Amino acid sequence: QVQPVESGGGLVQAGGSLRLSCAISGMIFSIKEMGWYRQAPGKQRELVARITSDGTTNYADSVKGRFTISRDNAKNTVYLQMNSLKPEDTAIYYCNAVYGRWDWGQGTQVTVSS
């Protein structure tokens with residue numbers, strides 16, 4: 001069973017940076033369009049960044065210019081570099097396929113203090 005495992009979250013001051021990683025088991029990773037999602041307290045989960053199998057990326061307006069998604073197909077891993085973090089970025093971050101999602105992993109908590 002495919003299970004994403006997210007890591008790299010933490011507590012950071014506004015303006016700081018974090019790099020999230022997500023390891024995916026299984027051999028189907030390289031063909032999947034992958035995404036980073038986040039869920040803030042009391043809000044619905046939202047897709048903030050996505051990357052196709054050939055590396056084309058797309059971002060939500062709220063993170064455009066600050067976040068960068070990338071992938072290493074040889075390592076079955078997707079990354080999210082987050083710069084210029086804001087308190088409103090505070091959320092649990094998850095990775096998953098954009099289409100045909102697997103069960104959600106535990107996510108990784110990102111807390112940005114003002």
Side-chain angles (χ1 to χ4, degrees):
Q1 185 173 353
V2 179
Q3 180 73 67
V5 179
E6 302 91 350
S7 62
L11 173 63
V12 64
Q13 289 187 333
S17 299
L18 285 172
R19 188 191 193 212
L20 307 184
S21 298
C22 176
I24 308 290
S25 62
M27 298 298 291
I28 58 175
F29 171 80
S30 62
I31 65 172
K32 300 288 281 187
E33 181 172 358
M34 294 296 300
W36 278 99
Y37 303 75
R38 69 185 181 188
Q39 187 167 21
K43 295 187 177 181
Q44 289 190 331
R45 192 171 295 169
E46 61 172 340
L47 177 63
V48 297
R50 57 199 292 175
I51 184 168
T52 64
S53 58
D54 65 358
T56 301
T57 58
N58 194 269
Y59 300 91
D61 288 344
S62 58
V63 307
K64 198 172 295 183
R66 301 186 298 119
F67 289 11
T68 303
I69 188 172
S70 60
R71 66 191 297 162
D72 185 336
N73 289 337
K75 296 182 178 180
N76 281 12
T77 302
V78 61
Y79 304 96
L80 187 68
Q81 177 67 44
M82 305 187 297
N83 299 328
S84 302
L85 282 162
K86 303 176 180 179
E88 51 263 45
D89 295 319
T90 295
I92 300 175
Y93 284 72
Y94 304 86
C95 73
N96 212 317
V98 174
Y99 304 106
R101 286 195 295 264
W102 307 295
D103 290 342
W104 293 98
Q106 295 291 322
T108 186
Q109 175 71 49
V110 172
T111 303
V112 184
S113 63
S114 57

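No hydrogens, no waters, no symmetry mates; every other heavy atom, side chains included, goes into these values. No experiment lies behind these values; they were computed from the predicted model shown.
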J.: Ser62 side chain to Ala60 main-chain N or O, any donor-acceptor pair under 3.5 Å?
T.: no
J.: I need the minimum non-hydrogen distance between Leu20 and Tyr93, along with the two atoms involved.
T.: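 Here Leu20 and Tyr93 meet closest at CD1-CB, 3.6 Å.
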J.: Compute whether any side-chain donor of one residue and acceptor of the other, for Thr56 and Asp54, lie under 3.5 angstrom apart.
T.: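 Thr56 vs Asp54: donor-acceptor pair found between side chains.
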J.: Assign the ring pair Tyr37 / Trp104 to parallel, tilted or perpendicular, where the plane angle (0 to 90°) is split at 30° and 60°.
T.: perpendicular
J.: Kindly give the heavy-atom pair with the smallest separation between Ala14 and Ser114, and that separation in Å.
T.: CB-CA, 4.4 Å
J.: Should Val78 and Val98 be regarded as members of a common hydrophobic cluster, given that ILVMFWY residues are connected when their side-chain heavy atoms come within less than 4.5 Å of each other, either directly or indirectly?
T.: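 Cluster IDs for Val78 and Val98 differ.
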J.: Checking side chain to side chain contact (heavy atoms under 4.5 Å, CB included) for the pair Thr77/Ile24: CA distance, chi angles, key distance, verdict?
T.: CA-CA 6 Å; Thr77 302; Ile24 308 290; over 6 Å; no
J.: At their closest point, which heavy atom of Ala97 faces which heavy atom of Lys32, and how far apart are they?
T.: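 Minimum heavy-atom separation between Ala97 and Lys32: CB-CE, 3.6 Å.
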J.: Group every Ile, Leu, Val, Met, Phe, Trp and Tyr by side-chain heavy-atom contacts under 4.5 Å, then state whether Tyr99 and Leu47 land in the same group.
T.: yes
J.: If you draw a 6.0 Å radius around CD in Gln106, do more than 12 non-hydrogen atoms from other residues or ligands fall strictly inside?
T.: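 Result for CD/Gln106: open.
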J.: For the side chain of Arg38 and the backbone of Ile92, is there at least one donor-acceptor N/O pair under 3.5 Å apart?
T.: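 Looks like no, no N/O pair under 3.5 Å.
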J.: For the pair Tyr59 (side chain) and Ile69 (backbone), establish whether a donor and an acceptor sit closer than 3.5 Å, ignoring hydrogens and angles.
T.: yes
J.: Ignoring hydrogens and angles, tell me if any N or O in the side chain of Thr108 forms a donor-acceptor pair with the backbone of Gly9 under 3.5 Å.
T.: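 Looks like yes, one N/O pair under 3.5 Å.
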J.: Do side-chain atoms of Thr90 reach the backbone of Val112 as a donor and acceptor pair under 3.5 angstrom?
T.: yes
J.: To the nearest 0.5 Å, what is the distance between CZ (Arg71) and OG1 (Thr57)?
T.: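 Output value for this atom pair is 11.5 Å.
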J.: Counting distance only, does the side-chain N/O of Glu6 pair as donor-acceptor with the main-chain N or O of Cys95 below 3.5 Å?
T.: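 Yes, Glu6 side chain to Cys95 backbone: donor-acceptor pair under 3.5 Å.
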J.: Salt bridge or not between Lys86 and Asp89? Use side-chain N to carboxylate O under 4.0 Å.
T.: no
J.: Just by modelled atom types, is the Gln81 backbone N or O under 3.5 Å from a matching donor or acceptor in the Arg66 side chain?
T.: no
J.: For the side chain of Asn96 and the backbone of Arg101, is there at least one donor-acceptor N/O pair under 3.5 Å apart?
T.: no
J.: Which one of Thr68, Asp72, Ile51 satisfies the side-chain contact (heavy atoms from CB on, under 4.5 Å) criterion with Tyr79?
T.: Asp72
J.: Can you tell me how far apart OG (Ser53) and CG (Asn73) are? Round to the nearest 0.5 Å.
T.: 7.5 Å
J.: Should Tyr94 and Val63 be regarded as members of a common hydrophobic cluster, given that ILVMFWY residues are connected when their side-chain heavy atoms come within less than 4.5 Å of each other, either directly or indirectly?
T.: no
